[in-house]
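Below: one structure, written as structure tokens.
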Amino acid sequence: MTHTEATSRISFEKLVTVLEQIFAKHGVSSVNARVLAVNCATCERDGSLSHGIFRIPGYVGSLKSGWVDGCAVPVVREFGPAFIRVDAMNGFAQPALKAAMPRVIEMAMTSGAAVVAIKDSHHFSALWPDLEPLAKAGFVALSMVSGLACVAPPGGTVPVFGTNPIAFATPVAGRLPLIFDYATSTMSNGDLQLAARAGEHVEIGTGVDKEGKLTTEPNVILLGGAMLPFGGHKGAATALMVEIMASALTGGQFSSEVDISAHPGAETSKTGQVLIVIDPNRGGNFKFADRVKTLTQSLRIAGQSRLPSDRRYATRALSDKSGIPISAEQLRELTSLASTDIP
Ligand code: NDP
């Protein structure tokens with residue numbers, strides 16, 4: 001999905017304010033509302049549209065149905081010099097991570113690394129906003145999240161995995177961090193829903209119908225079929241790792257164990273998230289960020305014209321200059337959810 005249907009533009013600060021109002025109106029504490037609003041506006045600003053404004057009705061559905069606690073106060077506990085557990089208390093993952101962040105940074109500086117295991121959390125967004133501040137502070141960071149089961153293993157028809165994203169961030173000397181962040185399914189579920197809404201076909205290999213036959217019809221995949229991991233058995237193994245790290249390790253539910261059936265309208269998954277933060281200066285290397293810069297330059301010289309996060313940073317620069325594009329329909333939806341006029 002692109003910003004092409006935009007009819008007007010909104011500033012980042014204004015969008016955050018409107019989103020805060022929506023979250024607060026639907027029972028989210030002010031501290032959590034701020035974190036979620038900044039996260040969502042940040043996605044929209046950078047053109048991560050499958051996890052920006054598009055997700056707001058899903059957040060609201062989960063809140064209204066009582067599936068997620070918008071006022072949850074996360075409990076942060078330490079288990080050794082480099083391990084933090086966070087119980088999100090059935091709240092959103094981003095406020096849980098934010099509560100742990102000061103200690104995560106201290107630990108990574110003193111111990112050289114920090115592992116954060118978050119459980120009982122709802123993650124409904126892109127992962128890169130969780131990592132970018134860490135890479136800007138000089139750390140290498142890796143995160144994984146499990147989800148709602150909608151991805152079958154190769155050869156199967158029963159969804160076992162969520163779209164299980166994985167993200168990695170590293171400092172690059174003199175530049176914004178290099179970050180990649182992707183679903184281990186062929187595409188994110190949000191993008192598949194957007195394709196269904198637009199009446200578009202998807203590539204063969206994206207998913208199967210309920211008999212396990214490949215199909216290009218998004219609705220056949222979404223309603224009774226299953227998505228597939230990217231790259232056959234290699235993507236499936238990566239999705240399996242995410243499930244183990246984000247759910248088994250943290251004490252969270254597996255994607256296939258999440259049952260939202262008693263909460264009509266709920267859309268968020270209640271699983272876990274793992275975050276690994278490393279101080280690269282402990283690695284015995286010489287000027288780590290410079291070495292990464294050299295490597296990225298080699299890739300460009302070798303012919304790779306686009307590196308991960310290039311597109312996002314370019315979209316961000318445009319949004320910062322001219323405002324975030326927003327369509328008339330989105331504006332109407334936000335206004336109605338916030339029950340207020342957006343100036
Ligand atoms: P994309 O395929 O859109 O992008 C994956 C990554 O690859 C991005 O870092 C992107 O950089 C980069 N990239 C894309 N195309 C190219 C290219 N041609 N050359 C080089 N790099 C490229 O990601 P997905 O659709 O798989 O996932 C989208 C988002 O959905 C992610 O942020 C993910 O975290 C989120 N998600 C969240 C879930 C949750 O439960 N919370 C579940 C599943 C997904 P760039 O950003 O600059 O385009």
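In listed order, ligands and their atoms are each counted from 1. Heavy-atom basis, side chains included; hydrogens, waters and symmetry copies ignored.
For Lys14 and Glu20, the salt-bridge test fails: no basic side-chain N is under 4.0 Å from an acidic carboxylate O. In this structure, Glu106 pairs ionically with Arg103, as a charged nitrogen and a carboxylate oxygen lie closer than 4.0 Å.
Using a 4.0 Å heavy-atom cutoff, Leu148 is absent from the residues neighbouring ligand 1.
Residue Ser125 touches ligand 1 through its backbone alone, judged by heavy-atom distances below 4.0 Å. Contacts between Asp310 and ligand 1, counted as non-hydrogen atom pairs separated by less than 4.0 Å, involve the backbone only. Contacts with ligand 1 closer than 4.0 Å are made by side-chain heavy atoms of Asp191 only, the backbone lying farther away. Using a 4.0 Å cut-off between heavy atoms, His51 contacts ligand 1 through its side chain alone, with no backbone atom that close.
For Tyr182 and Phe230, the gap between ring centers is short of 6.0 Å.
When Arg306, Arg312, Arg55 are ranked by how near their heavy atoms come to atom 17 (C) of ligand 1, first place goes to Arg306. For atom 44 (C) of ligand 1, the nearest non-hydrogen atom from the set Ala183, Pro129, Ser269 comes from Ala183.
Distance from atom 6 (C) of ligand 1 to its nearest protein heavy atom, with residue and atom name: Asp181 O, 3.4 Å.
When only interatomic distances are considered, the shortest N/O to N/O separation between Gly147 and ligand 1 does not fall below 3.5 Å. Remark: ligand 1 and Ser50 share no N or O pair separated by less than 3.5 Å (distance only, no angle test). Among the atoms of Met187, none of the N or O lies under 3.5 angstrom from an N or O of ligand 1.
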(request) Starting from the C-alpha separation in whole Å, work towards a yes-or-no answer on side-chain hydrogen bond (donor to acceptor under 3.5 Å, both in side chains) for Asp46 and Ser48. (result) CA-CA 6 Å; Asp46 276 26; Ser48 289; 6.0 Å; no

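In this structure, CG in Leu134 is found 7.0 Å from CZ in Phe139, a value given to the nearest 0.5 Å.
Side-chain N/O atoms of Asp130 and His123 include a donor and acceptor closer than 3.5 Å.
By the 30° and 60° cut-offs, the orientation of the rings of Tyr59 relative to Phe23 is perpendicular.
Using a 4.5 Å heavy-atom threshold, the side chains of Leu228 and Leu214 count as touching.
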